[in-house]
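As the structure is a computational prediction, the values presented were derived from the model and not from experiment. Just so it is clear: chains get the letters A, B, ... in the order the sequence lines come, proteins before strands, and each one is counted from 1.
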Amino acid sequence: MNAGDTTWIMVCAVLVFIMTPGVALFYGGLARRKNVLSILMQCFVIMCLITLQWVLVGYSLAFGPDTGYGIIGGLGWAGLRGVGMEAHEYAETIPHFVFMIFQLQFAIITAAIMVGAFAERMKFSAFLVFILLWSTFVYDPIAHWVWGDGGWLGEMGALDFAGGIVVHVSSGVSALLVAIMIGRRVGLDMTAFAPHSLPFTVLGGALLWFGWFGFNAGSALAADGIAANAFVTTMISTAAAGITWMFIEWKHHGVPTVLGIVTGAIAGLVAVTPACGLVTPMASIPVGAIASTLCYFAINMLKPRLGYDDSLDVFGLHGMAGIWGTIAVGLFAVEALAGTNGLFYGGAKLLLIQLVYMSVCIAYALAATWIIFKIVDTVIGIRVSKEDEIVGLDLTQHREGAYTTLE
Amino acid sequence: MNAGDTTWIMVCAVLVFIMTPGVALFYGGLARRKNVLSILMQCFVIMCLITLQWVLVGYSLAFGPDTGYGIIGGLGWAGLRGVGMEAHEYAETIPHFVFMIFQLQFAIITAAIMVGAFAERMKFSAFLVFILLWSTFVYDPIAHWVWGDGGWLGEMGALDFAGGIVVHVSSGVSALLVAIMIGRRVGLDMTAFAPHSLPFTVLGGALLWFGWFGFNAGSALAADGIAANAFVTTMISTAAAGITWMFIEWKHHGVPTVLGIVTGAIAGLVAVTPACGLVTPMASIPVGAIASTLCYFAINMLKPRLGYDDSLDVFGLHGMAGIWGTIAVGLFAVEALAGTNGLFYGGAKLLLIQLVYMSVCIAYALAATWIIFKIVDTVIGIRVSKEDEIVGLDLTQHREGAYTTLE
Amino acid sequence: MNAGDTTWIMVCAVLVFIMTPGVALFYGGLARRKNVLSILMQCFVIMCLITLQWVLVGYSLAFGPDTGYGIIGGLGWAGLRGVGMEAHEYAETIPHFVFMIFQLQFAIITAAIMVGAFAERMKFSAFLVFILLWSTFVYDPIAHWVWGDGGWLGEMGALDFAGGIVVHVSSGVSALLVAIMIGRRVGLDMTAFAPHSLPFTVLGGALLWFGWFGFNAGSALAADGIAANAFVTTMISTAAAGITWMFIEWKHHGVPTVLGIVTGAIAGLVAVTPACGLVTPMASIPVGAIASTLCYFAINMLKPRLGYDDSLDVFGLHGMAGIWGTIAVGLFAVEALAGTNGLFYGGAKLLLIQLVYMSVCIAYALAATWIIFKIVDTVIGIRVSKEDEIVGLDLTQHREGAYTTLE
Amino acid sequence: MKYIVAIIQPHKLEEVKQALEDVEVHLITVSNVHGRGRQKGFTEVYRGSKEVGLLKKIKVETAVNDDFVDTAVGAIEKSCHTGKPGDGKIFILDLAECIRIGTGERGPAAIG
Amino acid sequence: MKYIVAIIQPHKLEEVKQALEDVEVHLITVSNVHGRGRQKGFTEVYRGSKEVGLLKKIKVETAVNDDFVDTAVGAIEKSCHTGKPGDGKIFILDLAECIRIGTGERGPAAIG
Amino acid sequence: MKYIVAIIQPHKLEEVKQALEDVEVHLITVSNVHGRGRQKGFTEVYRGSKEVGLLKKIKVETAVNDDFVDTAVGAIEKSCHTGKPGDGKIFILDLAECIRIGTGERGPAAIG
Ligand SMILES: Nc1ncnc2c1ncn2[C@@H]1O[C@H](COP(=O)(O)OP(=O)(O)O)[C@@H](O)[C@H]1O
Ligand SMILES: Nc1ncnc2c1ncn2[C@@H]1O[C@H](COP(=O)(O)OP(=O)(O)O)[C@@H](O)[C@H]1O
Ligand SMILES: Nc1ncnc2c1ncn2[C@@H]1O[C@H](COP(=O)(O)OP(=O)(O)O)[C@@H](O)[C@H]1O
């Protein structure tokens, strides 16, 4: 055990922790004034709910001893049985508790990312059940497959340094499906919905970037050179993506917007997530720049053309950039970091594995989400009434107003 | 000396530092628009004032060499004489400076917690004097009794891992007394005062939770297994408390509110504070859940019934949850962590000690606060005029408006 | 290599990183409602742009192998060639990557500080070019002179622990010149411009203080006693400065304001920046108190008298306090920390060196900024049209509104 | 000349704007107001305390020449009518004079 | 029919609402305004600069039938009167027409 | 007595306040409004979507005695005139009654 590494991973857990309030502000600022609290509430309840789920069963399902075939962890570690202050082989220089709590933050943020897609129209009770089922039956298995001891995709050689598929693509594609199934928001055909507070969105974006250093560099599970590499590539990819978005938008819409550059930055963060500890700093420039280009296209062309209402562009950002980042690992990985080379360094196999990895996870996430949605919709009813949607979720679901307006 | 531990405690000092701005936003959002700056100002000035008090005398009073009988530290360390870059036995692997500055953050946040109870009606000049006296004559002695070298309660065996009594109960009961003595706010009988910006409150709550990891896990004073245990119990207790509050409120008021879940989360954080390094992760679930239940009862039933105006529920949260957490140590402590067992593990003595500890500190805090209040009220006058209260403290005490409203 | 030190500097990089969003909120809150996004945008784009500049050329110019005469680093490290996971002699216990990325944050925040001086009237395109040139031709050389291997001012013995001159004075005096050259804002003669959201400003100020611990204590480049000393002096100087400003303002304007105390705190942070690892904790009290006094004078007397429109007082804060802090090193430095004594401890030479250091850097920054301004103004035109300025930069430069106002 | 003041449901604003435009009433002034009417408010919950707030409404004001009054009122009625409490009210005041600052025009010429 | 506009102190809103309700005037529209009157403003301090802002006020509007005017005005006066500068003003305008959108009612029937 | 309502450009508020003060019209009520007029709005860009918002305007209301109407209107016109679209409008309504709550004064005496 090493106090330096232990400190690093505890700090990184704290950094990833603050990403969920970050995403809450990011989304909350983009929502209409009458729905901001519903967003904050959904993110906050995820922090509580998934924590309990994780220590009771989730961690065991995802990281517990494999039950065979690499499909799922058993319930051996349920209620944190056997998880303690000593190190475990997942990370040999830090207490097992620290590894467990660091991983918990990933489960939380993954669920929170989805909130943006079905924002402003989901019933709170249905949301609670949906998210609990999703985390248990989508996140936990996928995490096990690639990160869990004996997980079949990990064994196959799939690489996902900090969770491009596990976190971003799984949530991104699931969120898209939910957005399509729940339908478009009332009134959207009449007018665009402007963000009610862009300063909150920018602050949220900044907190995301801030916390993402813990997310990516912490995934090295030690304060070493790999962590340093992940830190550096994270910074660079984000910067490249932000600048790229800005110039594309400037060209396309005539002005660079702050929402644009922040959106681009997040695209860069997402894309570099699976790659950060596997590619060189210079490779992270195209990783980020291409991420922004793809996401810009998805949000500005694909979405309007297809007509789905992914309210705050969860798929357009996390789905698209996560897919690209996963492919990018297959292109840019270098042996010194990844243990194997990507296509551009002469290794074709990795790219293939990455494509299989991606396809399997997307297919599974979509199928499982579809089932969960149907169950919740049948049993509880997933969408609020049209009247409630018009008044806003804050007043109708929570009987609170975000801001006083008379005084 | 160990760079890992030193890093950890410096980081934790930074994390606890940000809790005071966190509490400022948390309270500021709950205040009315015309008083938000007065809250921010009070919290900010505490950060400055208590820092100077601490390095000049406070640290010496609290942690300096005992003057005999375990009552108070001497002035031997006043002006940081003898406090330096070398380690001290308080924490043998980190510079004494780091221990001192980490402890300073506790003194700051403790004072800031009180601000909520007498919000929206205290004269700023009176506040300054009050808080300086309170920190010196209430916080410093109590900290010495249980944490100071030779402090009598510590010697007696009282356990308070991160400051349930020292921080939360001492501030909570003192704040209640001040709220009662200063009286109810003008206009409260006519209408409830709605929070002017719940997003600020949620952000503040998130910053509190974020910083609290440093508060609790940092109190291990090393990046070790105990710190990891404290980190994990902090996360779990908070989650359990948030969820508990949500369901109680849902049942009781018909809706779950975001203010409710954040309030519950803070109840869980407070309650686990004295216990985090002494109880197991699973025990932290009831610690949090019961904390929420008790605080919900105090805020929703006790306060309206008794009619005191603890504006932002300092007693209802910090007082109640701190008392419960202190008792919980006596119930749930396990020998492997605490060196002695709580009631549920067969040890009755600890619970008794905890009750004595609690009673003594509450009695002392109330008596001392009463005297300080009387002195300040007599010499300066503690409450603003009715006219000033109606216009708001921002304009009358600080000649500033929080937001421009015409443009 | 040491995991503790590596952790510390990665954490500090994250802390300095968040200072730029902090400064964005700090300035954004002070701006008028119609310009807040333009401030956030400028700060955000700096985070992206300077990152790319730094890894492509900036780091090499500033810290790369000296090309002779101590004037500038070569392009040997351009594109991070030769910068890797191994340690470099700049900081022998951490990966070179970590040192590089920590230094990047300084380049970013330095550029962002300037934004306040010419706020609310600069064309975005011109801003982009200006800031890129400034960072390359002003920041990078000055950083090289004093911190780069072989830099002539460093060799001469100039001491600047965390960047009093490199960061604050260089940006402060350059910003003043730009403010003068670009001219006063339209309408300022008719009325004062009130801050549109002081809570944002206070939050920004709090994030600055928070991050500044990484800035100052991180500059020790290890988690050791010097870092601890820097941490402690940072806390104390800030507190002393905040309190001093408060009392001066109370005396002078009749009330203490929250904007005042936050402003004072920042003056204290700036002043202690060059001194934090070189002076004792007790010396940091006068360092902070005098900083506030000088800045108060500059902002309240000098600025109105001279009539320049340094919108958000970049010179008044960073310029003045940075100059004072640099002189203070020459007065208060102690051999045990600084390797040489300041005037008050019997050493006159250091003060002289500091004065030379300061003069050279100010002269260079002014001259270079003047040239860059002229070029950008000639080629692109630096100021927006009067109509655009009246409507606000958010709508005219970015086609976005910060807050929705109808709903 | 008449000065028409309509208090409407916030989410109807886009439709009202469109409806007025359709009848050639292009110039309007819009603001946030809060109303107490027949529609019941929401009991808000803040920890222990509850309160019933006023409802958010939008006020649309438009000055029109006499021959536009009926069409303007009709446009507002049609776009806002649902039959449920809260649809809103229209108030019509006599307008003594109207001045366009930019040109100095007065009376009916200044209205449109 | 009259259109009553009252500019009052913000903290009097609850009392005014109650007082109007007591005299059966239930329907009101409320908004934020800023006023310059006889009550002096506050000199605000922002670093070096100072400025005197307008004072925050609340505007209460209510359309009433003629026989309700006196009681409505009386209710507002009574609940807002303190005798100090800043108590506020009441303005009464003639109301030419009133329409309830939900029912299409017009005139006095639509007011209440 | 007249009730003057002026919709002006936000940045002209200080000048209007000053101009009115110069002609002894001290009492005003000011609020935020949004307007659609001849001045064209800005197309705002939010990721993929675009929208044209209403323009921010300021409403200045002042009740004056009849002999002050012309000077008040003149003062507003002079301070706001630029000749470009967006300068704004002034609406004048008849004021039936005015009451100063603090003193109970009524009519012209209550106005100023
Ligand atoms: N007599 C009135 N005076 C002033 N405002 C009124 C009056 N009647 C209605 N309003 C405004 O119109 C809004 C809608 O009124 P409401 O009674 O809810 O509508 P409806 O009559 O269609 O049910 C109210 O919230 C209030 O703001
Ligand atoms: N003639 C007027 N025209 C428009 N608004 C007025 C007029 N007189 C007063 N007001 C409004 O009423 C508010 C209260 O006026 P003030 O003179 O302070 O009250 P009082 O007359 O009771 O002292 C002012 O702030 C302003 O908003
Ligand atoms: N007939 C009207 N009814 C209501 N508001 C009007 C009317 N005409 C103008 N306005 C208001 O005045 C503002 C300025 O009008 P605009 O046509 O832009 O000015 P100008 O006539 O000087 O070009 C508009 O934005 C709108 O708020």
Taking all non-hydrogen atoms of both residues into account, name the closest pair between B:P281 and A:L80 and its distance.
CB-CD1, 3.8 Å

B:P199 to A:V36 - nearest heavy-atom pair and separation:
CG-CG2, 4.3 Å

Nearest 0.5 Å please: distance from the CG atom of A:L207 over to the CG atom of B:L207.
7.5 Å

Would you say the ring centroid of B:W212 lies under 6.0 angstrom from that of A:F17?
no

Can you tell which part of B:W250 gets under 4.5 Å to a heavy atom of chain A, answering side chain, backbone, both or neither?
side chain

Nearest non-hydrogen partners of B:F231 and A:M10, listed with the distance:
CE1-O, 3.6 Å

Mind ranking A:L52, A:V98, A:I94 by heavy-atom pairs under 4.5 Å with chain B and telling me who comes out on top?
A:L52

As an exercise: rank A:T6, A:I101, A:V11 by heavy-atom pairs under 4.5 Å with chain B and give me the winner.
A:I101

Output the distance between atom CE (B:M246) and atom CG (A:L128), rounded to the nearest 0.5 Å.
4.5 Å

Just by modelled atom types, is the B:I236 backbone N or O under 3.5 Å from a matching donor or acceptor in the A:T51 side chain?
no

Largest heavy-atom contact set with chain B, pairs under 4.5 Å, which of A:F44, A:W8, A:F124:
A:F44

For chain B, find which of A:S197, A:G22, A:P95 contributes the most heavy-atom pairs closer than 4.5 angstrom.
A:P95

Most heavy-atom pairs under 4.5 Å with chain A, out of B:L198, B:V262, B:V258, belong to B:V258

Minimum heavy-atom distance A:I18-B:A206, with the two atoms named:
CD1-O, 4.1 Å

Quick check on B:I9 against chain A: is it the side chain, the backbone, both or neither that has a heavy atom closer than 4.5 Å?
neither

At a 4.5 Å cut-off on heavy atoms, which part of B:V232 comes close to chain A: side chain, backbone, both, or neither?
both

Can you tell which part of B:F213 gets under 4.5 Å to a heavy atom of chain A, answering side chain, backbone, both or neither?
side chain

Of all heavy-atom pairs linking B:D5 and A:A3, the shortest is OD1-CB, 3.5 Å

Side chain, backbone, both or neither: which part of B:M235 has a heavy atom under 4.5 Å from chain A?
both

Measure B:A222 against the heavy atoms of chain A and call it side chain, backbone, both or neither at under 4.5 Å.
neither

Run the side chain to side chain contact (heavy atoms under 4.5 Å, CB included) check on A:M47 and B:T238 step by step: do they pass?
CA-CA 9 Å; A:M47 302 202 295; B:T238 310; over 6 Å; no

Going by heavy atoms in the side chains, are B:L203 and A:L40 under 4.5 Å from each other?
no

Whether A:H398 side chain and B:P256 backbone form a donor-acceptor pair below 3.5 Å:
yes

Do the side chains of A:M1 and B:D224 get nearer than 4.5 Å, heavy atoms only?
no

Report the C-alpha distance between B:I285 and A:L56 in whole Å, list the side-chain angles of each, state the deciding distance to 0.1 Å, and finish with yes or no for side chain to side chain contact (heavy atoms under 4.5 Å, CB included).
CA-CA 11 Å; B:I285 295 181; A:L56 294 178; 4.3 Å; yes

Counting heavy-atom pairs under 4.5 Å to chain B, which of A:G28, A:G79, A:P21, A:G4 comes out on top?
A:G79

Check: A:R399 side chain, B:V255 main-chain N or O, donor-acceptor pair, under 3.5 Å
no

Could you tell me which portion of B:N2 (side chain, backbone, both or neither) has an atom closer than 4.5 angstrom to a non-hydrogen atom of chain A?
side chain

Could you label the plane-to-plane angle of the B:F200 and A:F200 rings as parallel, tilted or perpendicular, counting under 30° as parallel and over 60° as perpendicular?
perpendicular

Minimal non-hydrogen separation, B:A239 against A:C48, with atom names
CB-O, 3.3 Å

So which of B:C12, B:A223, B:G260, B:G242 has the largest heavy-atom pair count under 4.5 angstrom toward chain A?
B:A223

Using a cut-off of under 4.5 Å for heavy-atom pairs, which of A:L15, A:V45, A:I50 has the most such pairs with chain B?
A:V45

Using the side chain to side chain contact (heavy atoms under 4.5 Å, CB included) rule, take A:E400 and B:L259 through it: C-alpha gap first, then chi angles, then the decisive distance, then the call.
CA-CA 8 Å; A:E400 294 176 290; B:L259 176 56; 3.3 Å; yes

